[in-house]
Protein chains: 2
Amino acid sequence: MNKNQSLPWDHPRFRSWIAVARACQLMQQSLARALAHLDLKPPHLDILVNLFRFEGISQQELARKLLVGRSNMSMLLPQMEKRGLIERRGDRQDKRVLRLYLTEEGRRITQDAMTIQTALIDRMLSDAPIEECEAIAVHMERIVGLLMQEEREPQEATGDQ
Amino acid sequence: MNKNQSLPWDHPRFRSWIAVARACQLMQQSLARALAHLDLKPPHLDILVNLFRFEGISQQELARKLLVGRSNMSMLLPQMEKRGLIERRGDRQDKRVLRLYLTEEGRRITQDAMTIQTALIDRMLSDAPIEECEAIAVHMERIVGLLMQEEREPQEATGDQ
DNA sequence: CCGATAATGTTCAACTATGAACAATAAAGT
DNA sequence: ACTTTATTGTTCATAGTTGAACATTATCGG
């Protein structure tokens, strides 16, 4: 059970993932600073980007895409609506759902923010060849797929005794 | 300033990074579930792993390694000490610092938890060849280096007007 | 030696995110 | 038609994280 001798840091995949996690954490912090002058935080940007891409989505669908609880959306979205970045219109087919749209102001700010985010990412990955980036993307998307599938099925296959 | 036509999702590095961020988020959640039966959460594990590796470190050094504020350590560490996982002894050369050590119990739990974490990482990266993992690690560690350096120097080079 | 500056750890108020409980609506089963 | 079950969004209590202010101790400059 405990392979006492082989410490994790000698394990290439472990080291690799720790580096990934640390890079993510720092990118988040750096993005937060870069976005501060727009009075946006990373969660807001995530919302805006998804609305930019998938206009008319519902709050629930948005929460699923962002991997957060829907109560989170219920907190953030009304405040972004008051700020004039987004608009929430009730679906008339299904009176439960609220469909989300960017305002013109929201679209402008989103583009500014995406420019900043893209510049940051670009700068950080500048020495990674495109094909290597794509390879990384493939691995990560596979992980996302696996974990989202496991989330639905309660069977854990790890060392869970 | 706004290259309006090229949307970010056509940008390979952007797509790549989004995938990395999502994978990280899901890994965190999955790790939290896998660790639940030890009554540990990812932040606790991060602390334990670092103490396992760097015994006798101070709270401040630990906070730096974990990329969190030291107030965070001041919240978590006393509670872990009460639980008997760690021990805090004052440095007698410098009466300000508290040096951190694992107890025997803490060491055992840490090993159990690391086994779980390693298994999860391994399973997720199972189809990534070792050399590819190492390549990823190199990129990510470079990013960490760049961002930690920028954190110290207030000069931002991005689209920050 | 002494005053200024810096570093460590703690406390506290503010903010964020979460899951459970709930009301309203829809869909399914009978 | 009607009861049951599921889904959407909201509210609320809880927990986690942060930065600022603070006390204590070190370090540096004179």
Side-chain angles (χ1 to χ4, degrees), chain A residues 21-22 24-26 28-33 35-36 39-47 51 56-83 86-101 151-152 154, chain B residues 21-22 24-26 28-33 35-36 39-47 51 56-83 86-101 151-152 154:
Chain A
R22 283 170 58 88
C24 269
Q25 213 175 336
L26 280 166
Q28 193 83 345
Q29 293 175 7
S30 180
L31 181 64
R33 283 193 301 270
L35 248 37
D39 198 22
L40 284 183
K41 303 192 172 170
H44 300 135
L45 179 54
D46 286 343
I47 291 172
L51 292 192
I57 206 178
S58 79
Q59 294 193 184
Q60 171 70 23
E61 291 166 326
L62 181 57
R64 253 197 291 267
K65 281 181 191 299
L66 298 183
L67 306 171
V68 300
R70 20 175 215 200
S71 52
N72 196 349
M73 297 298 98
S74 279
M75 307 290 250
L76 295 179
L77 292 175
Q79 122 192 14
M80 291 175 73
E81 187 174 32
K82 282 192 189 77
R83 208 174 131 186
I86 68 170
E87 200 178 345
R88 302 196 291 170
R89 302 189 217 128
D91 186 323
R92 57 188 62 145
Q93 321 249 336
D94 187 337
K95 288 175 191 168
R96 294 170 300 182
V97 330
L98 291 177
R99 307 223 154 264
L100 304 168
Y101 303 89
E151 213 168 41
R152 283 187 290 274
Chain B
R22 283 169 60 86
C24 271
Q25 212 175 336
L26 280 167
Q28 193 84 345
Q29 295 174 6
S30 181
L31 181 64
R33 282 192 302 270
L35 248 37
D39 199 21
L40 284 182
K41 302 196 173 168
H44 301 135
L45 179 54
D46 287 342
I47 290 172
L51 292 192
I57 206 178
S58 79
Q59 296 195 181
Q60 171 71 27
E61 290 166 328
L62 181 57
R64 253 196 291 269
K65 280 182 190 300
L66 298 183
L67 306 171
V68 299
R70 22 173 215 206
S71 52
N72 196 348
M73 297 298 99
S74 278
M75 306 292 249
L76 295 179
L77 292 175
Q79 122 192 14
M80 292 175 74
E81 186 174 34
K82 283 192 189 78
R83 208 175 131 187
I86 68 170
E87 201 178 343
R88 301 196 290 171
R89 302 190 217 126
D91 186 322
R92 59 189 59 145
Q93 320 250 336
D94 188 337
K95 289 176 191 167
R96 294 170 301 181
V97 330
L98 291 177
R99 307 225 155 264
L100 305 168
Y101 303 89
E151 213 167 40
R152 283 186 289 274

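Just so it is clear: chains get the letters A, B, ... in the order the sequence lines come, proteins before strands, and each one is counted from 1. For clarity, every value in this text was computed on a predicted model and none was experimentally measured.
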**Study point:** Nearest atoms (heavy-atom pairs only) where B/Arg89 meets B/Glu87
**Key:** NE-OE2, 3.5 Å
Check your understanding: Can you name the closest pair of heavy atoms from A/Asp39 and A/Arg83 and give their distance?
Key -> O-NH1, 2.8 Å
To the nearest Å, give me how far apart [atom1] ([X]) and [atom2] ([N]) are.
X       : N      : atom1 : atom2 : answer
B/Gln25 : C/dA17 : CD    : P     : 10 Å
A/Ile57 : D/dT8  : CD1   : C1'   : 14 Å
A/Asp91 : D/dT7  : CG    : P     : 17 Å
A/Arg96 : D/dT8  : CZ    : P     : 6 Å
A/Gln60 : C/dT25 : CD    : C1'   : 15 Å
A/Arg70 : C/dT18 : CZ    : P     : 13 Å
B/Asp94 : D/dC28 : CG    : P     : 12 Å
A/Leu98 : C/dA24 : CG    : P     : 15 Å

Out of [options], whichever nucleotide has its closest atom nearest the side chain of [X]:
X       : options                : value
A/Ser71 : D/dT10, D/dA20, C/dG19 : C/dG19
A/Lys95 : D/dT11, D/dG16, C/dT25 : C/dT25
B/Lys41 : C/dG9, D/dT8, D/dG16   : D/dG16
A/Ser74 : C/dT8, D/dT8, D/dT11   : D/dT11

Review point. Is any side-chain heavy atom of A/Met73 closer than 4.5 Å to a side-chain heavy atom of A/Leu100?
Key: no
Could you check whether [X] gets within reach of a base, just the sugar-phosphate, or nothing at all, counting any heavy atom under 4.0 Å?
X       : answer
A/Glu61 : nothing
B/Pro43 : sugar-phosphate
A/Arg99 : nothing

Practice item. Could you walk me through whether A/Arg99 and A/Glu61 pass the side-chain contact (heavy atoms from CB on, under 4.5 Å) test, one step at a time? Key: CA-CA 10 Å; A/Arg99 307 223 154 264; A/Glu61 291 166 326; 3.9 Å; yes
Check your understanding: Taking the six-membered ring of A/Tyr101, is the NZ or CZ of A/Arg88 close enough (under 6.0 Å from the centre) and on axis enough (within 45°)?
Key -> no
Exercise for review: Between B/Pro78 and A/Leu76, just flag the one whose closest nucleotide in DNA chain C comes earlier from the 5' side.
Suggested key: B/Pro78
Practice item. Please tell me which of A/Gln93 and B/Met75 maps to the more 5' nucleotide of DNA chain C, matching each residue to the nucleotide holding its nearest heavy atom. Key: B/Met75
